[in-house]
Amino acid sequence: MSPKKTRRIDYWQDPKAPSPTTRKPSASVLVRDDQGRILLLKRIDNDLWTIPTGSLKKGETITECGVRECREETGLDIEILGLIGVFTTPDHIIEYRKGSKTTEVRQPVNICLSARPIGGELTTTREAAEVRWVDPTALSDYDIHPALQRRINHGLANNPPHVD
């Protein structure tokens with residue numbers, strides 16, 4: 001019998017969301033190519049479209065985390081260009097379940113970075129069922145969680161870095 005797959009449930013401004021048990025730093029990366037398209041991937045654990053995102057590991061910087069996560073999730077190597085913002089709103093809660101058991105409930109502390117591709121090859125991975133370049137005008141065609149859409153929108157607006 002194979003182990004039960006971990007499922008991720010993202011809540012947004014939901015009074016019925018479980019209370020967080022952890023806060024964990026993470027990096028997300030808004031990667032844009034020379035044509036202005038955005039790199040999106042479809043998560044395997046919740047079927048939502050997102051930008052590359054993942055937890056900061058001990059011994060790495062937030063920039064190293066963003067570069068690593070992008071490579072692991074999409075196959076692309078990137079160069080970090082700057083800071084989009086720090087997103088810590090308690091409106092976003094993530095529940096992780098294995099089978100019917102909750103294993104963690106997290107309130108994210110996310111540092112969103114801007115980047116451009118510099119190498120690698122776009123590919124699906126164990127974390128991404130689909131990976132593609134998307135024109136910003138077509139984002140409404142994708143099921144993107146409001147917390148991630150917030151990061152994307154801020155990055156596209158070219159405003160000073162956001163801080164919750």
Side-chain angles (χ1 to χ4, degrees), residues 6 8-12 22-94 96 104 106-164:
T6 299
R8 173 181 163 140
I9 302 165
D10 285 75
Y11 297 90
W12 181 252
T22 63
R23 298 210 58 176
K24 196 174 276 187
S26 63
S28 58
V29 188
L30 181 64
V31 183
R32 298 188 75 185
D33 68 6
D34 291 339
Q35 299 170 40
R37 298 176 300 175
I38 297 169
L39 179 62
L40 289 184
L41 62 108
K42 188 173 186 182
R43 295 184 62 97
I44 287 175
D45 59 4
N46 67 8
D47 292 326
L48 294 174
W49 288 89
T50 186
I51 55 179
T53 305
S55 295
L56 179 68
K57 291 185 178 181
K58 291 178 183 174
E60 74 180 351
T61 67
I62 204 70
T63 298
E64 291 167 338
C65 177
V67 168
R68 175 184 51 79
E69 285 293 337
C70 190
R71 187 180 319 107
E72 287 176 2
E73 294 178 353
T74 70
L76 289 185
D77 295 316
I78 59 171
E79 175 185 26
I80 301 298
L81 301 173
L83 176 66
I84 290 174
V86 180
F87 297 83
T88 61
T89 180
D91 290 335
H92 187 202
I93 301 294
I94 304 168
Y96 293 93
E104 180 184 4
R106 182 184 305 169
Q107 180 184 335
V109 176
N110 182 266
I111 293 87
C112 187
L113 306 166
S114 62
R116 68 180 187 90
I118 58 170
E121 188 172 319
L122 205 59
T123 185
T124 56
T125 65
R126 63 181 178 81
E127 297 181 56
E130 296 179 54
V131 182
R132 65 178 64 152
W133 291 105
V134 176
D135 188 284
T137 61
L139 286 173
S140 62
D141 296 339
Y142 293 83
D143 190 8
I144 300 171
H145 189 271
L148 275 292
Q149 189 66 59
R150 197 170 163 243
R151 297 176 205 165
I152 293 168
N153 290 347
H154 192 80
L156 291 174
N158 292 318
N159 290 327
H162 171 87
V163 178
D164 279 332

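Residue indices begin at 1 and follow the sequence shown.
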If you apply the rule side chain to side chain contact (heavy atoms under 4.5 Å, CB included), what do you find for Trp133 with Val31, and how did you get there? CA-CA 9 Å; Trp133 291 105; Val31 183; 3.8 Å; yes

Aromatic plane relationship, His162 with Phe87 - under 30° parallel, 30 to 60° tilted, over 60° perpendicular: parallel

Short question: side chain of Gln107, backbone of Thr88 - any donor-acceptor pair under 3.5 Å? yes

Would you please test Arg68 and Glu72 for salt bridge (charged side-chain N to carboxylate O under 4.0 Å, His left out) and show each step? CA-CA 6 Å; Arg68 175 184 51 79; Glu72 287 176 2; 3.3 Å; yes

If you look at every heavy atom in Asp77 and Gly120, which pair is closest and at what distance? OD2-N, 3.7 Å

Under 3.5 Å donor-acceptor, His154 side chain and Pro160 backbone: yes

Going through the checks in order, is the side chain to side chain contact (heavy atoms under 4.5 Å, CB included) test met by Leu40 and Ile144? CA-CA 10 Å; Leu40 289 184; Ile144 300 171; 4.2 Å; yes

If we ignore hydrogens and angles and just use 3.5 Å, is the side chain of Asp164 paired with the main-chain N or O of Thr89 as donor and acceptor? yes

Nearest heavy-atom neighbours spanning Ala27 and Asn110: C-ND2, 3.5 Å

Return the CZ to NE2 distance between Arg151 and His92, rounded to the nearest 0.5 Å. 6.5 Å

So, does Thr74 use its side chain to make a donor-acceptor pair with the main chain of Leu76 at under 3.5 Å? yes

What is the distance from atom CD1 of Ile38 to atom CG of Asp135, rounded to the nearest 0.5 Å? 8.0 Å

Do side-chain atoms of Glu64 reach the backbone of Thr61 as a donor and acceptor pair under 3.5 angstrom? yes

Measuring only between side-chain heavy atoms, which start at C-beta, is Cys112 closer than 4.5 Å to Ile51? yes

As a quick check of understanding, evaluate side chain to side chain contact (heavy atoms under 4.5 Å, CB included) for Ile94 and Tyr11, giving each step before the final call. CA-CA 6 Å; Ile94 304 168; Tyr11 297 90; over 6 Å; no

Compare all side-chain heavy atoms of Arg132 with those of Tyr142 and state whether any distance is below 4.5 angstrom. yes

When rounded to the nearest 0.5 Å, the distance separating CG of Leu156 from CG of Leu139 is 6.5 Å

side-chain hydrogen bond (donor to acceptor under 3.5 Å, both in side chains) between Glu73 and Thr125, intermediate numbers included: CA-CA 6 Å; Glu73 294 178 353; Thr125 65; over 6 Å; no

Would you indicate whether Asp141, at its atom CG, is surrounded by more than 12 heavy atoms from other residues, nucleotides or ligands within a distance under 6.0 Å? yes

Under 3.5 Å: donor-acceptor pair, side chain of Thr53, backbone of Ser28: no

Charged N to carboxylate O below 4.0 Å: is that the case for Lys58 and Glu60? no

CZ-CD1 distance between Arg8 and Ile44, expressed to the nearest 0.5 angstrom: 13.5 Å

Got Leu30 and Ile152 here, is their nearest side-chain heavy-atom distance under 4.5 Å? yes

Is there a donor-acceptor contact under 3.5 Å from the side chain of Arg71 to the main chain of Gly75? no

Which atom of Arg37 lies closest to which atom of Pro136, heavy atoms considered: CA-CD, 4.3 Å

Trace of the side chain to side chain contact (heavy atoms under 4.5 Å, CB included) decision for Arg106 with Ser55: CA-CA 11 Å; Arg106 182 184 305 169; Ser55 295; 3.4 Å; yes

Taken to the nearest 0.5 Å, the spacing of Asp47 CG from Glu130 CD works out to 9.5 Å

Distance, nearest 0.5 Å, that separates CG of Asp33 from CG of Leu39: 9.0 Å

